[in-house]
Amino acid sequence: MESAHQLCKAPTGIPGLDEITNGGLPAGRPTLVCGDAGCGKTLLGVEFLAHGATQFNEPGVFLAFEESTEELMQNVASLGFDLAALVERKQMALDHVYIDPAEIVEAGEFDLQGLFIRLGHAIDAIGAKRVVLDTIETLFAGLPHPLILRAELRRLFRWLKDKGVTAIITGERGDGLLTRRGLEEYVSDCVIVLDHRTHDLVSTRRLRVLKYRGSTHGTNEYPFLIDAEGISVLPITSLGLDHVASNERVSSGVPRLDAMLGDAGFFRGSSVLVSGTAGSGKSSLAGHFAAAACARGERVLYFAFEESPSQIQRNQRSIGLDLEHRMDQGLLRFDATRPTFTGLEMHLSGMHRTIDRFRPQNVILDPLNSFVSMGNKQEVKSMLMRLVDFLKSRQITGLFTSLTAGDSALDATDTAISSLIDTWLLLMSVDAGGERNRTLSIVKSRGMDHSNQTREFLITGHGIELLDVYWGSDRVLTGSARLAQEAAERAAALERRQEIERKQRELERKRVALKARIAALWSEFEAGEAETLALIEREQSRESQLARERVDMALNRRADAALDGQGDSKADPNIDPANDSKGDAPNPDPGPAAAGADAQDHR
């Protein structure tokens with residue numbers, strides 16, 4: 001919980017410095033800025049006054065003891081500060097007090113009253129709230145007595161506090177001391193130390209808040225730089241970890257890779273590392289990412305540290321990616337520089353400002369290893385940490401490529417930033433069977449389900465193509481081994497299809513034969529049925545005929561008994577019952593016909 005009695009502060013307007021000091025310099029109090037020659041003391045004071053006048057409506061007074069007013073205006077004009085215009089608008093007052101140590105003669109007590117009158121008049125003339133004294137060593141150059149010097153310093157600092165102005169007093173470093181006299185730091189409420197050092201032929205500037213009464217502040221050494229827009233400080237912790245994580249997904253530009261990344265690709269605003277050995281396809285994958293982002297109508301900023309934009313466009317064109325067209329549309333911008341051109345901080349500041357101007361949704365750095373030659377791994381990691389935090393704070397998706405040396409661990413990077421990365425893609429060149437083949441795997445991808453397979457991929461004329469996984473007896477097959485496996489599987493599949501087709505033909509032949517046999521049996525059955533029915537019909541006809549013949553014969557013989565033997569019959573109305581009798585009456589003369597009939601009847 002913040003205190004209700006916080007120290008009042010005056011913001012400097014210098015990027016990064018206000019974050020380190022938690023709001024700016026102590027308002028109404030003096031601040032000592034000390035350092036060696038050329039480290040930026042005077043420029044920091046000028047920026048403090050210029051930003052105060054233009055951004056915070058606080059006019060200021062600059063009192064110089066070394067540079068004349070004209071020289072000062074000319075020196076800072078190249079950095080974009082128009083002091084003449086500020087003076088004309090009465091937002092700033094410039095004054096030069098020339099002191100030549102050779103002309104100083106000690107006579108009587110040393111007194112700064114004349115300086116107070118001159119400075120007080122300048123403050124009152126424009127209603128100044130800020131004051132810069134540059135440099136204090138010149139003021140006390142002819143004063144040999146430390147006690148008097150300390151007393152006058154206290155008097156000067158007390159006078160500035162009584163005037164209620166926020167003051168910056170610059171001082172030069174001494175031999176083993178912060179200042180030549182070694183006294184100013186004790187009477188100052190805030191002490192900022194600037195340093196300019198050279199390491200491996202690369203110069204860097206550092207800033208450290210050594211002392212800040214009544215306020216917390218960053219205590220580390222922070223790199224800063226001076227460029228065409230002035231001073232900018234790059235604190236590692238300036239952005240903190242309060243950025244918002246997005247759930248939106250963006251494509252990698254390779255559909256099958258998106259499928260490996262939970263069917264959706266990367267998270268927007270995440271950091272993506274593509275590492276691998278030389279020739280494994282890192283830049284090609286970066287080109288796919290850039291092309292996919294431009295196809296969505298998003299802007300892409302491509303920082304290249306080894307190839308020119310023309311060379312990158314030619315190489316990407318060979319795999320079917322037309323990046324030149326995207327540049328003409330204003331969606332793609334290249335920023336190509338050699339890493340050794342400037343120091344790490346200058347690179348970082350330049351990238352910050354380029355990003356601020358272009359406002360991309362996606363940033364590519366290709367490759368990160370180029371920075372390793374410019375500093376130790378810790379410095380490079382600190383620089384990249386600030387860059388990653390900067391990108392995440394603006395929801396910019398960052399893709400970084402990193403070259404892995406052939407004799408180093410594949411799951412390690414030269415820049416040691418894997419812990420800062422959200423998604424890590426590992427590309428490898430596998431040497432097997434007398435050939436080299438490329439594979440891709442996902443080492444990690446925070447916040448999503450992702451594939452754990454190692455996939456072979458090809459770089460073709462139409463881009464990167466991920467292939468299906470083929471397993472051998474103990475490993476994933478790639479290249480010719482994969483082609484042989486595919487050919488064997490195709491042959492086996494063809495053999496299975498042919499066997500199925502043969503069985504289908506055999507089954508069809510049996511079906512036709514069965515149908516023919518059934519038809520023959522049915523024909524045979526029908527023939528037998530017809531013959532049997534004909535026989536039955538003939539027998540029935542014969543029996544009917546025999547029955548009729550017996551009846552006719554019985555009628556012809558007038559034999560009722562014969563009719564009775566055949567069943568119950570009606571009497572023939574032509575027979576006279578009176579003449580009828582049981583048995584046949586004896587025929588006195590039967591004749592030969594009757595005898596024959598009797599014989600047949602007995603049979």
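FYI, side chains are in, hydrogens and waters are out, and symmetry mates aren't considered; it's all heavy atoms of this structure.
Contact check for Q395 versus E248: no side-chain heavy atoms found under the 4.5 Å cut-off. T397 is listed as a side-chain neighbour of F289, based on a closest heavy-atom distance under 4.5 Å. Looking at heavy atoms from C-beta onward, R256 lies out of side-chain contact with S451 at the 4.5 angstrom threshold. Within the 4.5 Å cutoff, side-chain heavy atoms of I421 are placed close to those of F400. Residues T354 and R333 have side chains in contact (heavy-atom distance under 4.5 Å, counting atoms from C-beta outward). The shortest distance between side-chain heavy atoms of F303 and H347 does not fall below 4.5 Å. Taking 4.5 Å as the limit, every side-chain heavy atom of S283 sits out of range of all side-chain heavy atoms of I312. R213 places none of its side-chain heavy atoms less than 4.5 Å from the side chain of P26.
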- Message: side-chain contact (heavy atoms from CB on, under 4.5 Å) for L466 and M260? Distances and angles first, verdict last.
- Response: CA-CA 10 Å; L466 266 69; M260 295 177 67; 3.5 Å; yes

- Message: Determine whether S246 and F267 satisfy the following criterion, side-chain contact (heavy atoms from CB on, under 4.5 Å), listing intermediate values before the conclusion.
- Response: CA-CA 7 Å; S246 173; F267 282 116; over 6 Å; no

- Item | K9/T21 under side-chain hydrogen bond (donor to acceptor under 3.5 Å, both in side chains): CA gap, chis, key distance, verdict | CA-CA 9 Å; K9 297 186 178 183; T21 56; 5.8 Å; no

- Stepwise salt bridge (charged side-chain N to carboxylate O under 4.0 Å, His left out) test for R502 and E499: CA-CA 5 Å; R502 186 187 65 80; E499 179 66 17; 2.5 Å; yes

- Message: Show, in sequence, the C-alpha distance, side-chain angles and deciding distance for R357 and E229, and conclude whether the salt bridge (charged side-chain N to carboxylate O under 4.0 Å, His left out) test is met.
- Response: CA-CA 13 Å; R357 292 167 182 164; E229 298 183 11; 2.2 Å; yes

- Message: Using salt bridge (charged side-chain N to carboxylate O under 4.0 Å, His left out), reason through R497 and E501 one step at a time and then give a plain yes or no.
- Response: CA-CA 6 Å; R497 287 197 301 271; E501 291 174 356; 5.7 Å; no

- Should I192 and L25 be marked as a side-chain contact (heavy atoms from CB on, under 4.5 Å) after you check the CA-CA gap, both sets of side-chain angles, and the distance that decides it? CA-CA 10 Å; I192 297 177; L25 304 182; 3.8 Å; yes

- Item | Test side-chain contact (heavy atoms from CB on, under 4.5 Å) applied to L210 and L32, step by step | CA-CA 10 Å; L210 181 66; L32 174 65; over 6 Å; no

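Closest non-hydrogen pair, V250 versus R296, comes out as CB-NH2, 3.6 Å. Across all non-hydrogen atoms, the minimal contact from S441 to T454 is CB-OG1, 3.8 Å. Minimum interatomic distance between L420 and L384 (heavy atoms only, all atoms of both residues): CD1-C, 4.5 Å. For the residue pair L321 and G287, the shortest heavy atom distance occurs at CD1-C, 3.5 Å. What you find for R436 and S429 is that their closest heavy atoms are NH2-CB, 3.2 Å. Considering all non-hydrogen atoms of both residues, S445 and L261 come closest at OG-CD2, 3.9 Å.
The backbone N or O of S270 lies less than 3.5 Å from no partner atom in the side chain of D422, so there is not a single donor-acceptor pair. A donor-acceptor pair under 3.5 Å is formed between the side chain of R455 and the backbone N or O of L467. Under a 3.5 Å cut-off, the side chain of D449 and the backbone N or O of G262 do not form any donor-acceptor pair. The main-chain N or O of A53 is found under 3.5 Å from a side-chain atom of Q91 such that the two form a donor-acceptor pair. Checking side-chain atoms of K41 against main-chain N and O of G35 turns up a donor-acceptor pair under 3.5 Å. Under the 3.5 Å distance criterion, the side-chain polar atoms of E47 are matched with a main-chain donor or acceptor of I231. Remark: the backbone N or O of A290 is not paired with any side-chain donor or acceptor of N362 at under 3.5 angstrom. Of the possible polar contacts, none joining the D195 side chain to the R206 backbone as a donor-acceptor pair under 3.5 Å is found. A donor-acceptor pair is defined here as one N or O able to donate and one able to accept, closer than 3.5 Å; such a pair exists between the side chain of K211 and the backbone of S188.
Under the 6.0 Å distance and 45° angle rule, K129 does not count as a cation-pi partner of F56. R338 forms no cation-pi arrangement with F305, by the criterion of a distance under 6.0 Å to the ring centre and an angle within 45° of the ring axis.
Between H352 and F390, the two ring planes are parallel [angle under 30°; tilted spans 30° to 60°].
Taking CG of N75 as the start and CG of L83 as the end, the distance is 10.0 Å to the nearest 0.5 Å. With values rounded to the nearest 0.5 angstrom, L331 atom CG is found 11.5 Å from L323 atom CG. Here the CG atom belonging to L17 is positioned 10.0 Å from the CZ atom belonging to F224, to the nearest 0.5 angstrom. To the nearest 0.5 Å, atoms CG (L368) and OG (S402) are separated by 5.5 Å. Interatomic distance, R130 CZ to L49 CG, rounded to the nearest 0.5 Å: 7.5 Å. Put simply, OG on S284 and CD1 on I464 are 5.5 Å apart, with the number rounded to the nearest 0.5 Å.
Enclosure of atom CZ in R359 is not indicated, since only 12 or fewer non-hydrogen atoms of other residues, nucleotides or ligands lie within 6.0 angstrom. Residue D356 places its CG atom among more than 12 non-hydrogen atoms of other residues, nucleotides or ligands, all under 6.0 Å distant. The neighbour count for N57 CG, taken as heavy atoms of other residues, nucleotides or ligands under 6.0 Å away, does not exceed 12. Crowding of E495 atom CD: a count of heavy atoms from other residues, nucleotides or ligands under 6.0 Å not exceeding 12.
For F334, the ring-ring contact (aromatic ring centres under 6.0 Å, His included) test picks out Y302, with sequence neighbours left out.
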